[in-house]
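Single-structure report; data block below.
Computed from a predicted structure; not experimentally measured.
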Amino acid sequence: MKKSDLDRVYDRSGTQCIKWEHLPPDAPEGALPLWVADMDFPCAQPIVDALHERIEQKIFGYTEYDTPACKGAVTGWFRRRFGWEIDPAHIFFSPAVIPAMAYFIDALTAPGDGVLIQRPVYYPFTNIILGGGRRVVNNPLRYRGGAYEMDFGDLERKLADPGTKGMILCSPHNPVGRVWSEEELREVVRLCSRYGRWILADEIHCDLVRREERHHPILKVCPEYADHIVVCTAPTKSFNLAGLQVSNIIIPGAAFQEVWRRQAEARFAISTDNPLGFAAMAAAYNQCEDWLDTVNEYIDDNIRFARKYLEKRLPKAVMVKAQGTYLIWVDLRAYCADSKRLRELMVRRAGVVLDEGDIFGKEGSGFERINAACPRCVLAGCLERMAGALNEGSLLISSS
């Protein structure tokens, strides 16, 4: 695939697409959606070919996940991309990452127990904790000079609390885009080990990093603590397959494997992949590495474009360095610090639908998350609309 192929705008109407067809009710006609985290790029041709081939077989019965073909695709991918050797016996199927985390939280904690997260962070983490009657323990990231880091002192204090049973680690971090260093991951593990806390690591964005960065799988960095770590991965973000519902959960510890079999497989009957999901994943991992490299380069260029655009048109905005993911996290508090007013400016005045920062926690109030996995013209249109609304809106706010 050429980068120029990614410039094409595809009409996603009529596909029941959440991103484009299920906008907020107050979004105006013609609003640009850069919110939901899927790509506006077509899937790699080998994936499309594999799906056609599977469809031609005309029967879509129960499909076994625990096969050399399936697990070999997973292990081969992580070996080539990260030098991470995964035992196939440690790989388990889940339709998605968030349900897998919910199964573990339900099994490893009791109502009222605390689960630690690092806000501003992917909001479904909060939902599954509170939805199960557990308690959110927030270890907020420190925001300094337009960059984020972990507050390890606060992390240790909260892990030391007997009521905190474990933590969810978002790596790379959504929405702030941090790719954690090996040293940072070792410190997280050191603290969790000191207090006997488990780690659920969401590494779904691991393939989506800038060319000068490298994702470090926590189980590769800290194999000595593997019995207390579960890593959630999937091809869905990397290859735009979210609707096919296939994720790979890496569970090295025998005790946690038994939790999975009892909780996910026995209680909730999660055990078999769907045939199209398997076909797409195998093609993605086995044949589409070049496609992903091209997409990552295009996203790199989009992010550089956005930074230059904001510096020129919205110079008071602070765009956090996006080391990983395809998401732009931008601080707009210098233009509008009120999150409700900011949303009105974006949706009603600018006609853009973004993920408002405060849904990731109060630490995100006044920020916006922008999906940069789209054709350049769509991103440019979004930024142009934002600049017009904020420059005009800031005048309105200052004069009121």
Side-chain angles (χ1 to χ4, degrees), residues 37 39 44 46-47 68-94 97 100-101 122 150 168-174 176-190 192 199-241 246-253 256 280-300 322-327 373:
M39 301 181 185
I47 295 173
C70 178
K71 293 191 174 181
V74 178
T75 58
W77 178 260
F78 286 99
R79 181 185 306 115
R80 293 193 307 275
R81 298 292 284 194
F82 304 102
W84 178 21
E85 294 288 345
I86 303 174
D87 185 335
H90 297 170
I91 307 173
F92 295 80
F93 168 75
S94 176
V97 163
M101 290 187 164
Y122 188 49
M150 292 192 199
I168 298 176
L169 175 71
C170 197
S171 175
H173 192 282
N174 173 11
V176 309
R178 268 303 312 273
V179 173
W180 304 117
S181 69
E182 292 180 280
E183 292 73 21
E184 288 168 316
L185 294 172
R186 289 192 184 100
E187 182 63 9
V188 168
V189 168
R190 186 185 71 83
C192 286
I199 301 169
L200 302 179
D202 174 4
E203 297 192 7
I204 197 169
H205 290 275
C206 65
D207 298 314
L208 300 158
V209 298
R210 306 292 76 77
R211 63 169 57 94
E212 68 275 12
E213 304 291 344
R214 183 166 181 82
H215 169 75
H216 302 286
I218 191 171
L219 281 171
K220 181 187 176 187
V221 174
C222 302
E224 72 281 1
Y225 204 59
D227 286 353
H228 305 276
I229 298 174
V230 173
V231 172
C232 301
T233 71
T236 50
K237 296 297 180 194
S238 308
F239 297 98
N240 205 20
L241 305 176
V246 55
S247 299
N248 308 298
I249 313 304
I250 317 302
I251 313 172
F256 279 17
M281 180 178 73
Y285 281 156
N286 291 333
Q287 303 177 61
C288 299
E289 199 156 357
D290 289 345
W291 179 93
L292 180 64
D293 289 342
T294 300
V295 166
N296 265 323
E297 290 175 7
Y298 191 91
I299 293 168
D300 286 353
Q323 296 176 312
T325 80
Y326 48 66
L327 305 166

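The CG atom of Asn240 lies 11.5 Å from the CG atom of Leu292; values are rounded to the nearest 0.5 Å. Residue Tyr326 holds its OH atom at 6.0 Å from NE2 of His205, rounded to the nearest 0.5 Å. Distance check, rounded to the nearest 0.5 Å: CD1 of Ile168 to CE of Met101 gives 5.0 Å. Taken from CZ in Arg178 to CD in Glu213, the straight-line distance is 8.0 Å, to the nearest 0.5 Å. Atom CG of residue Leu200 and atom SG of residue Cys232 lie 6.5 Å apart, to the nearest 0.5 angstrom.
Within the structure, no pair that satisfies the salt bridge (charged side-chain N to carboxylate O under 4.0 Å, His left out) test touches residues 215-227, not counting sequence neighbours. Applying the salt bridge (charged side-chain N to carboxylate O under 4.0 Å, His left out) rule to pairs touching residues 80-91 yields Arg79-Glu85, Arg80-Glu289, Arg81-Glu289, Arg81-Asp293, sequence neighbours excluded.
For the residue pair Arg210 and Gln323, no side-chain donor N or O sits within less than 3.5 Å of a side-chain acceptor on the partner.
Listed by chain and number, the residues in a side chain to side chain contact (heavy atoms under 4.5 Å, CB included) with Val74 are Phe78, Ile91, Asn248, Met281, Tyr285 (sequence neighbours excluded). Every residue was checked against the side-chain hydrogen bond (donor to acceptor under 3.5 Å, both in side chains) condition with Asn296, not counting sequence neighbours, and none meets it. Applying the salt bridge (charged side-chain N to carboxylate O under 4.0 Å, His left out) criterion to Arg214, with sequence neighbours excluded, gives no partner residue. With sequence neighbours left out, the side-chain hydrogen bond (donor to acceptor under 3.5 Å, both in side chains) criterion links Lys71 to Asp66. Partners of His215 by side-chain hydrogen bond (donor to acceptor under 3.5 Å, both in side chains), not counting sequence neighbours, listed by chain and number: Glu203. With sequence neighbours left out, the side-chain hydrogen bond (donor to acceptor under 3.5 Å, both in side chains) criterion links Tyr122 to no other residue. In this view, Phe239 and Trp77, Trp291 satisfy the ring-ring contact (aromatic ring centres under 6.0 Å, His included) rule, not counting sequence neighbours.
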One pair to check against side-chain contact (heavy atoms from CB on, under 4.5 Å): Phe82 and Cys206. What are the steps and the verdict? CA-CA 10 Å; Phe82 304 102; Cys206 65; 4.0 Å; yes
CA sep, side-chain torsions, deciding dist, call: Thr325, Val179, side-chain contact (heavy atoms from CB on, under 4.5 Å): CA-CA 9 Å; Thr325 80; Val179 173; over 6 Å; no
Would Cys192 and His228 count as a side-chain contact (heavy atoms from CB on, under 4.5 Å) if you check the C-alpha gap in whole Å, the side-chain angles of each, and the deciding distance to 0.1 Å? CA-CA 9 Å; Cys192 286; His228 305 276; over 6 Å; no
Please evaluate residues Ile218 and Val231 with respect to the criterion side-chain contact (heavy atoms from CB on, under 4.5 Å), reporting the C-alpha separation (whole Å), side-chain torsions for both, the decisive distance (0.1 Å), and the verdict. CA-CA 8 Å; Ile218 191 171; Val231 172; 3.7 Å; yes
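Taking both residues in full, the closest heavy atoms of Ala282 and Ala73 are given as CA-CB, 4.1 Å, listed atom of the first, atom of the second, then distance. Taking every heavy atom of both residues into account, Ile229 and Cys222 meet most closely at CD1-O, 4.4 Å. Among all heavy-atom pairs drawn from Gly324 and Pro172, the shortest one is CA-CB, 4.4 Å. Cys288 approaches Ala283 most closely through the heavy-atom pair SG-O, 3.5 Å.
Counting heavy atoms from C-beta outward, Lys237 and Val97 have side chains that stay 4.5 Å or more apart. The closest side-chain heavy-atom distance from Trp180 to His173 is below 4.5 Å. Residues Arg186 and Glu182 meet the side-chain proximity criterion, which asks for heavy atoms closer than 4.5 Å. Residues Leu169 and Met150 are in side-chain contact: their nearest non-hydrogen atoms beyond the backbone lie under 4.5 Å apart. At least one side-chain heavy atom of Leu327 sits under 4.5 Å from a side-chain heavy atom of Asn174.
A side chain to side chain contact (heavy atoms under 4.5 Å, CB included) with Leu219 is found for one member of Ile86, Ile250, Leu185 and no other, namely Ile250.
No side-chain donor-acceptor contact under 3.5 Å links Ser238 to the backbone of Pro235.
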